[in-house]
Asker: 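Below you will find the structure I want to go over with you.
First listed ligand is number 1; within each ligand, the first listed atom is number 1. Everything numeric in this text was worked out from a predicted model, so none of it was measured.
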Amino acid sequence: MRLEELNLVGSIRIEDTDALIIVDMQNDFMPSGALGVKGGDEIIVPINRLAEKFHRRGNVIVMTQDWHPVGHLSFASSHGMKPYDPYESEGIGPILWPDHCVQGSFGAEFQPQVQAKFANAVIRKGYHPTVDSYSTFIENDKKTHTGLSGYLKTLGKRRIFLCGLALDYCVYNSAKDGKDLGFDVVVPIDLTRAIGSPPGQLSEALDVMTEKQVQFIKSAHIIT
Ligand code: VGL
Ligand code: ZN
């Protein structure tokens, strides 16, 4: 499925049981960053606009941060291979990445224009040296939780709005796990961008999210 083929929801009103999750809006995922995502900078201002709406209503906002140790096994450099080379092992893959979002580095910091001050909580993921974590709920070993599900459920949240980077990796896997964990999931489609590698990754992500009844909407149609 292509982006243009997604069915969009007409409009959604923000409710008290909603949380906004802003995924990986970090320097390394900006177009000039180590793992640059095309158009990643274009979504900063509209994400801030949506965050402002959630904040004004008193709704919970969570930000996530990809947060890898030096020499993380998802890095091509750890295998003597090239970034974006295919590689599959438990908790890693389907491709290898440039070194990115190294703990404490500039690249791992939130892009400074992103309104991080509104975040109630920050979830860091990918810090176990041998396991990646595309989902902000459960790491790629499919068993280690980040604690986000418990956090949201303790606060009575039932629906999550997922925006940020990247649509075909962290947003996708967070949406999938979110549904499996019992949340309703909404993706404001204009507030995310895809990596697009390997070919077919985005298409598969859109297929699976559609199948799992993730809802897609234009951010302008989210009302308070
Ligand atoms: C991501 C690849 C590697 C993401 C993180 O945030 O989507 N993608 N690390
Ligand atoms: Zn990463």
Asker: Is Lys125 in polar range of ligand 1, meaning some N or O pair under 3.5 Å apart?
Answerer: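 No: no nitrogen or oxygen of Lys125 is under 3.5 Å from one in ligand 1.
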
Asker: Indicate yes or no: does an N/O atom of Asp132 lie under 3.5 Å from an N/O atom of ligand 1?
Answerer: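 Looking only at distances, the answer is no, because the N/O contact criterion of under 3.5 Å is not met.
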
Asker: Would a line drawn from the ring center of His79 to the ring center of Tyr87 be shorter than 6.0 Å?
Answerer: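 Judged by ring-centre distance (under 6.0 Å), His79 and Tyr87 do meet the cut-off.
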
Asker: In this structure, are over 12 heavy atoms from other groups packed under 6.0 Å from Tyr127 atom OH?
Answerer: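 Not more than 12 within 6.0 Å, no.
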
Asker: Starting from atom 6 (O) of ligand 1, find the nearest protein heavy-atom neighbour and note its residue, name and distance.
Answerer: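 The closest one turns out to be Asp24 OD2, 2.5 Å.
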
Asker: Hey, does Leu35 come in under 3.5 Å of ligand 1, counting only N/O atoms on both sides?
Answerer: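 No: no nitrogen or oxygen of Leu35 is under 3.5 Å from one in ligand 1.
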
Asker: Looking at ligand 1, is there an atom of it that comes within less than 4.0 Å of some heavy atom belonging to Asp168?
Answerer: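 Checking ligand 1 against Asp168, which is what was asked, there is no heavy-atom contact under 4.0 Å.
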
Asker: Give me the ring orientation class for Trp97 and Tyr134: parallel if the planes are under 30° apart, tilted from 30 to 60°, perpendicular past 60°.
Answerer: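 Answer is perpendicular, since the angle exceeds 60°.
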
Asker: Counting each atom of ligand 1 from 1 as listed, which ones have a heavy atom of Ile195 under 4.0 Å away?
Answerer: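 That gives atoms 8 (N) of ligand 1.
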
Asker: Going by the order shown, which atoms of ligand 1 are within less than 4.0 Å of some heavy atom of Leu165?
Answerer: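 By the 4.0 Å cutoff, the relevant atoms are 6 (O), 7 (O).
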
Asker: Do the side chains of Arg57 and Asp16 get close enough for a salt bridge, i.e. N-O under 4.0 angstrom?
Answerer: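 Salt bridge between Arg57 and Asp16, a charged N being under 4.0 Å from a carboxylate O: yes.
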
Asker: Is Cys101 close enough to the Zn ion (ligand 2) to have an N, O or S atom under 2.8 Å?
Answerer: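 No, Cys101 does not qualify, because none of its backbone or side-chain N, O or S atoms lies under 2.8 Å.
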
Asker: I want to know if ligand 1 touches Tyr169 in the polar sense, i.e. an N/O pair below 3.5 angstrom.
Answerer: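 No, since none of the N or O atoms of Tyr169 sits under 3.5 Å from an N or O of ligand 1.
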
Asker: Pick from Tyr169, Phe29, Trp67: which one makes a ring-ring contact (aromatic ring centres under 6.0 Å, His included) with His100?
Answerer: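 Only one of Tyr169, Phe29, Trp67 forms a ring-ring contact (aromatic ring centres under 6.0 Å, His included) with His100, namely Phe29.
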
Asker: To check your reading of the model: name the closest protein heavy atom to atom 1 (C) of ligand 1, its residue, and the distance in Å.
Answerer: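 Heavy-atom neighbour on the protein nearest atom 1 (C) of ligand 1: Cys170 SG, 3.4 Å.
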
Asker: Any N/O/S atom, backbone or side chain, of Asp24 lying under 2.8 Å from the Zn ion (ligand 2)?
Answerer: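 Asp24 does not place any N, O or S atom closer than 2.8 Å to the Zn ion (ligand 2).
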
Asker: Would you call Arg159 and Asp18 a salt bridge, taking side-chain N to carboxylate O under 4.0 Å as the test?
Answerer: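 Between Asp18 and Arg159 there is a salt bridge, with a charged N closer than 4.0 Å to a carboxylate O.
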
Asker: Do ligand 1 and Ala166 have nitrogen or oxygen atoms that lie under 3.5 Å from each other?
Answerer: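 It does: an N or O of Ala166 is found under 3.5 Å from an N or O of ligand 1.
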
Asker: A quick test of your reading: do over 12 heavy atoms of other residues, nucleotides or ligands sit less than 6.0 Å from CD of Gln213?
Answerer: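 No, CD of Gln213 has 12 or fewer neighbouring heavy atoms, counting only those of other groups under 6.0 Å.
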
Asker: Can you tell me which residue and heavy atom of the protein come closest to atom 5 (C) of ligand 1, and the distance to 0.1 Å?
Answerer: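 Among all protein heavy atoms, the one nearest atom 5 (C) of ligand 1 is Asp66 OD2, 3.1 Å.
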
Asker: Checking only N/O/S atoms, does Cys170 have one that is under 2.8 Å from the Zn ion (ligand 2)?
Answerer: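 No N, O or S atom of Cys170 is closer than 2.8 Å to the Zn ion (ligand 2), so no.
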
Asker: Within a strict 4.5 Å, meaning less than it, do heavy atoms of the Val214 and Val186 side chains meet?
Answerer: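 Side chain of Val214 against side chain of Val186, heavy atoms only: no contact under 4.5 Å found.
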
Asker: What angle sits at the Zn ion (ligand 2) between NE2 of His68 and OD2 of Asp66, to 10°?
Answerer: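 Nearest ten degrees: 90°.
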
Asker: Which residue in the set Arg193, Arg124, Lys125 passes salt bridge (charged side-chain N to carboxylate O under 4.0 Å, His left out) when paired with Asp24?
Answerer: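 Option passing the salt bridge (charged side-chain N to carboxylate O under 4.0 Å, His left out) with Asp24: Lys125.
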
Asker: Decide, yes or no, whether a salt bridge links Glu52 with Arg49 under the criterion of side-chain N to carboxylate O below 4.0 Å.
Answerer: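 Looking at Arg49 together with Glu52, the answer is no, because their closest N to O distance does not fall below 4.0 Å.
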
